[in-house]
Amino acid sequence: MDAKRRNSGPPRGGASQAKRGKTGGDWEDSPSIFEEELALFEEADMEAEEREGQAGHDVIPVGELFSTDLNPRWRRPQAAPLNPDSDTLVFQQIDLDYYLGAAVAGMPGQSQGNVPIIRMFGVTDSGNSVCCHVHGFAPYFYIPAPNGFTSDHLSEFKRELNSAVLKDMRYNKDNMSVTVLAVDITHKESMYGYHGKRIADFLRITMAIPRLIAPAKRLLEQGFKFGPFPIQSFSSYEANIDFEIRFMVDSDVVGCCWIELPKGKYRVREERMLGETDAHNPGKVSLCQYEVDVGWTQLISHPAEGEYQRIAPLRVLSFDIECAGRKGIFPEAEKDPVIQIASMVQRQGEKEPFIRTVFTLQSCSSIVGSQVLCFTKESQLLQSWAEFVRTVDADIITGYNIQNFDLPYLLNRAATLKVKLFPYLGRVLGIKSVLRDSSFQSKQMGRRENKILNMEGRVQFDLLQVLLRDYKLRSYTLNAVSFHFLQEQKEDVQHSIITDLQNGNEQTRRRLAVYCLKDAYLPLRLLQKLMCVINYMEMARVTGVPLTYLLSRGQQIKVVSQLLRQAMKQGLVMPVVKPEGGEDYTGATVIEPEKGYYSVPIATLDFSSLYPSIMMAHNLCYTTLLQKGSAEKLGLTPEDFIKTPTGDLFVKSSVRKGLLPDILEDLLSARKKAKAELKKETDPFKKQVLDGRQLALKISANSVYGFTGAQVGKLPCLEISQSVTGFGRQMIEQTKQLVESKYTIANGYQADAKVIYGDTDSVMVKLGVDTVSRAMEVGREAAEWVSSHFTPPIKLEFEKVYYPYLLINKKRYAGLYFSSSADTHDKMDCKGIETVRRDNCTLVANLINTCLQTILIDR
DNA sequence: CACCGTACCTAA
DNA sequence: TAAGTTAGGTACGGTG
Ligand SMILES: Nc1ccn([C@H]2C[C@H](O)[C@@H](COP(=O)(O)OP(=O)(O)OP(=O)(O)O)O2)c(=O)n1
C-alpha cells in the first residue's frame, strides 16, 4: 500500500527518496523479523489467556458468519453496575462536543425546544467507556450597558433583541420563538487597557443556541434601538468563542482532565427499545458502556496534579488497508477493491497490542501471533471491519495517513459497494460518518489541505499529521520515518506487486497480510516511542484545549483558552475586534557578525525565554496597557507606570498584575518540569522526546507574545509585541556593552573581550582565553554579572562554548559544542547551513557536513 | 552587471 | 476564536 505515501509526501521540497529494500522479486517466505516478533506476542499471550480469553490466533474463513464475538478480547471489560445514588463516577475525558437536542427531564436549563447539550467522552480507570451528557449550559456574550441602563430596561431589551434576531433568521426551521434566553447586568471590565479598575455594567446576553450568537452580535453592532434609548451600536465581548471552549473555561475543565460525577448528582441511561423512546427521558444513544446525564454545575473537574496526572487505560487502534490497484494508477475507491485491513489495538501504557488481526479478501495462510479473518465478499469485509471498530470501541484511532487516505478510501469504497452499515464509526448511534474537506493555513505550517471524517467520541490521531506538525524531517514516508525513529523498516513489498500477491494463492496473500500488519504496527510503535499521547495530553492540560484541537488548530486557540481562564478569575472580559492588517513592527536585532574561523573558545550567553521573561518582568499585558491619555486621566504618577523603548505605557504590577505574566508563569513552570525530567533521563532517545516536549512548551510560551502581534488574530495588541521586541533590542545591545566594558585588559583580564555575533537573545563572545574550561568559568561569571543588571525573572545564562567556531554569516555558523564537559564536545552544532536545510539534496548536505568535520574536528 | 522581488527554509 | 511573531540567508528570474 504505497499509494498513500505518494499522496502525502513532504509538503514540498522533499529531496530524498525512501529507501526500498533490495529486490522486490522473491516471493519466497522466509519468516521476517517482524513475523518472529508477532510469534513472540503469541507466547506472551499464553499466560494472559486465562484472564482475557482466547487471543484467537487462527485463520477463520468467515464467509457469511461474521460475529463480533469471534474474539472475546474485542469487547471492553464488563462494566460494573453503576448506581448513581451510591456510586461516584470518575473518568478521564478525552473528547468533548455539543449537539442540539430535547431537554432531559430533571436537568437544569431551558426545557422547551432544542437546547445545546455538551457531550463528554471518556474512560474510567477500569477501562470502561463513558458518554456524559452535560445539561444546562447555554452560550452567552457581553455588551457594555448603555448609560442610564437599569434592571427596569432588561425585559424590554430582551424582547427587542429577541424579535430582531427572529426577524433576521431567514428560515426558522426549528420554529424557534425564544432566541434570547436571558439578559443580566453583570459587573465586568474590559481586559483591553487599564482604566483604573473601573468596574462597569455589562449586559450578559444568553442565547438559546450557539449559532445565534453571531447574528445577535451583528445586529447589536449594526445599530440597535430599544425602549427610551437612542439607536446605538454596541461593541461585543466574548461573542466569538467556540462553545466547547466557553464551556470548558466556565466549568474549569481542561483538555483530558479527570471528571468526577458525585453520587446522587447524575443519572444513568438505560438501553431502550425503539418505540419506548421518550424525548424528555431518553435511553442510551451511544455505544459507551456508561451513559449518564448531569447538570453542568454538578460535575467536578480535577486539575491535572498529583494522582490526576494519570492516564486512563485508553484503547488505541491502529489500522492499515491495502487495495488492489491497477498498474501504475493510484487506487480509486470507485474501482479498486480493498483487499486487506490489518488492525492492532493496544492499551495506553502497555507495551504490546493485545489485538492483532487482519481481515483479508480470499483465503490466507495462518500467521502466528495474529488472527486472520478471511472473507469472500469485499462488502462483508468492510461491514465486518466497521463492526469490529464499534466493538473494540477505540478511544484513539491511529495509523499512517488514515485521515487523508485510509478512512476516506474505506468510506468511499463502502459507498460504492452500498455497504449501508459501514459509515457509522463514531460512538453515537445513528450518526453517520461523512467526509468533508478543510484547509488550514498558517505562517508556521503553510497551507495544508485535509479531509475530515466525523467520528464522535473517538480521537483521530493520524501519526503522519503528528509528525508533520512536530518534526521537521527530510522524508515523511512511513518507511523513512520508521527508519529514522526506530531503525526499522517496513516489510519489503513493492506496491506494484500487491495486486499480484492478492491474485496468487493463500501463501502470497499471507505475505501481503504480514506487510499490512506491520504497517498497522509501526504507527503504534512510533506513537509509543515518541510518547505522543502523553505529550499531547500534557499540552491539552496545560493550555486547556481539547485533544482534538491540538491536531486541527493552531497556536491562537491555546492562548485564547488560557487568556479567558485568567480573565474570568478577575472579572475581565475580552473584546471582539475585527481583524485588520497593518504595518509589520520591528523585531529583534541580529548583531553584525565578524565572519571568520575562530580557533579559540567562543562563549555563548543566552537569555532564557527572553520574550516571556520580558513580559513578566515589565508586566506587559492587555490589562496593564495605558492607552493615549489614560495616565493623565487616571491621575497616575510616574512611579505607577513604565515607558517602554517604543514609547508605550504600562502600569506596574503594584498597580495591577497582568494576565499574560500569569499565563507565562504557568507555561514556563510546566517547561521547567519537563526540563527537569529531561535532565534526569538517561536514555538518549527519551531525552530527545522530552526535549521535544520542552520545546513545544517553549513555543506555546513564545506564542503568547506572537498572539499579541498577530494582526489577523483575535486580539492583536502591537503595543505589547513591539514593546517586547523593543526591550529585547535594548537588552542585547546592553549585554554587548556590559561584557565588552568589563572584560578588558584595563580591568586586569587577559584580553579585551569582543562580541563577534549575537542574535535576538544571545551573544557570542571571544573572551581571549585559551581553554574551554576557562571560557566556561568566565562565561558563567559574566552571565551572572550581566543578569544582575536586569529585572527578574530576566536571566542571562551561560549556555555553551564553541571551539573551534566557524562564523559564515548572519544565522549561518557551525562549531564544536561544549557544555556538559570541558574536555569533550557534545556535538557539532550547525545553524542555517546546508546540512540542516531540507531544500538541498543529501549529496550537498553530506559534502558540507564532511567539510565541516574536516575543518572543525580534524582541524 | 546591479538591483529588486519571490520562493523556500531556517534562527530566534 | 481559521490563520503565533520578525529577521535574514541563498537561489533564481526579470529588468534596465
Ligand atoms: N519559535 C520562536 C522562537 C523564538 N522566538 C523569540 C522569543 C524568544 O524569547 C526569543 C529567543 O528565542 P530562543 O530560541 O533563544 O528561545 P528562548 O529564549 O525562548 O528559550 P531558551 O533560550 O530558554 O531555550 O525569540 C519566537 O518568538 N518564536
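Here is the naming used below: chain letters follow the sequence lines, and residue numbers restart at 1 for every chain. Since the model is a prediction, treat every value here as computed from it, not as a measurement.
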Worksheet item: Using a cut-off of less than 4.0 Å, is there contact between a side-chain N or O of A/K811 and OP1 or OP2 of C/dG8?
Response: no
Worksheet item: So, is the end of the A/R246 side chain (NZ or CZ) under 6.0 Å from the ring centre of A/F243 and within 45° of the ring's axis?
Response: no
Discussion item. Parallel, tilted or perpendicular: which one describes the rings of A/Y192 and A/Y622, with boundaries at 30° and 60°?
Written reply: tilted
Practice prompt. Describe the nucleic acid contact of A/G587 in one word from base, sugar-phosphate, nothing, applying a heavy-atom distance below 4.0 Å.
Written response: sugar-phosphate
Discussion item. Under 4.0 Å, heavy atoms only, any strand: does A/T586 hit a base, just the sugar-phosphate, or nothing?
Written reply: sugar-phosphate
Practice prompt. Side chain of A/N809 only, please: which of C/dG8, B/dC9, C/dG9 is the nearest?
Written response: C/dG9
Response to the item:
Closest to the 5' end of DNA chain C, once A/E238 and A/R837 are matched to their nearest nucleotides, is A/E238
Item to complete: To the nearest Å, give me how far apart CD1 (A/I808) and P (C/dG9) are.
Response: 13 Å
Discussion item. Does A/K754 have more than 12 heavy atoms from other residues, nucleotides or ligands lying within 6.0 Å of its NZ?
Written reply: yes
Practice prompt. Could you tell me the separation between the CG atom of A/L473 and the C1' atom of B/dT10, rounded to a whole number of Å?
Written response: 15 Å
Worksheet item: Within this structure, what is the CD-to-P distance between A/Q555 and C/dA2, rounded to whole angstrom?
Response: 16 Å
Discussion item. Using a 4.0 Å heavy-atom cut-off, does A/D759 contact any base of the nucleic acid, only the sugar-phosphate backbone, or nothing at all?
Written reply: sugar-phosphate
Response to the item:
Atom CD1 of A/I720 and atom P of C/dT6 are separated, to the nearest Å, by 15 Å
Worksheet item: So what does A/I557 hit on the nucleic acid, given a heavy-atom distance under 4.0 Å: a base, only sugar-phosphate, or nothing?
Response: sugar-phosphate
Discussion item. Regarding A/Y813, tell me which of base, sugar-phosphate or nothing describes its non-hydrogen contacts under 4.0 Å with the strands shown.
Written reply: sugar-phosphate
Fill in: Aromatic plane relationship, A/F202 with A/Y142 - under 30° parallel, 30 to 60° tilted, over 60° perpendicular
perpendicular
Worksheet item: How would you label the contact of A/D761 with the nucleic acid (heavy atoms, under 4.0 Å): base, sugar-phosphate, or nothing?
Response: sugar-phosphate
Worksheet item: Can you find a pair of side-chain heavy atoms, one from A/T760 and one from A/I732, that are under 4.5 Å apart?
Response: no
Worksheet item: Can you check the A/R436 CZ to C/dA2 P distance for me, whole Å?
Response: 14 Å
Worksheet item: Starting at CG of A/L610 and ending at P of C/dA7, how long is that distance when rounded to a whole Å?
Response: 15 Å
Discussion item. Within the 4.0 Å heavy-atom criterion, would you say A/V836 contacts the bases, only the backbone, or no part of the nucleic acid?
Written reply: sugar-phosphate
Worksheet item: How close or far is atom C1' of C/dA11 from atom CG of A/D839, stated in whole angstroms?
Response: 9 Å
Practice prompt. Look at all strands and tell whether A/Y611 reaches a base, only sugar-phosphate, or nothing, counting heavy atoms closer than 4.0 Å.
Written response: nothing
Item to complete: Using heavy atoms to find the nearest nucleotide of DNA chain C for A/K714 and A/Y585 separately, return the residue whose nucleotide is more 5′.
Response: A/K714
Worksheet item: Whole-Å distance between B/dA12 C1' and A/D829 CG?
Response: 13 Å
Practice prompt. Would you mind classifying the nucleic acid contact of A/R812 as base, sugar-phosphate or nothing, using non-hydrogen atoms under 4.0 angstrom?
Written response: sugar-phosphate
Item to complete: For A/V712, report the nucleic acid contact type (base, sugar-phosphate, nothing); a contact means any heavy atom under 4.0 Å.
Response: base
Worksheet item: Contact class for A/K810 vs. all strands (heavy atom < 4.0 Å): base, sugar-phosphate, or nothing?
Response: sugar-phosphate
Item to complete: Identify the heavy atoms of A/M731 and A/I794 that sit nearest to each other, and give their distance.
Response: CE-CG2, 3.4 Å
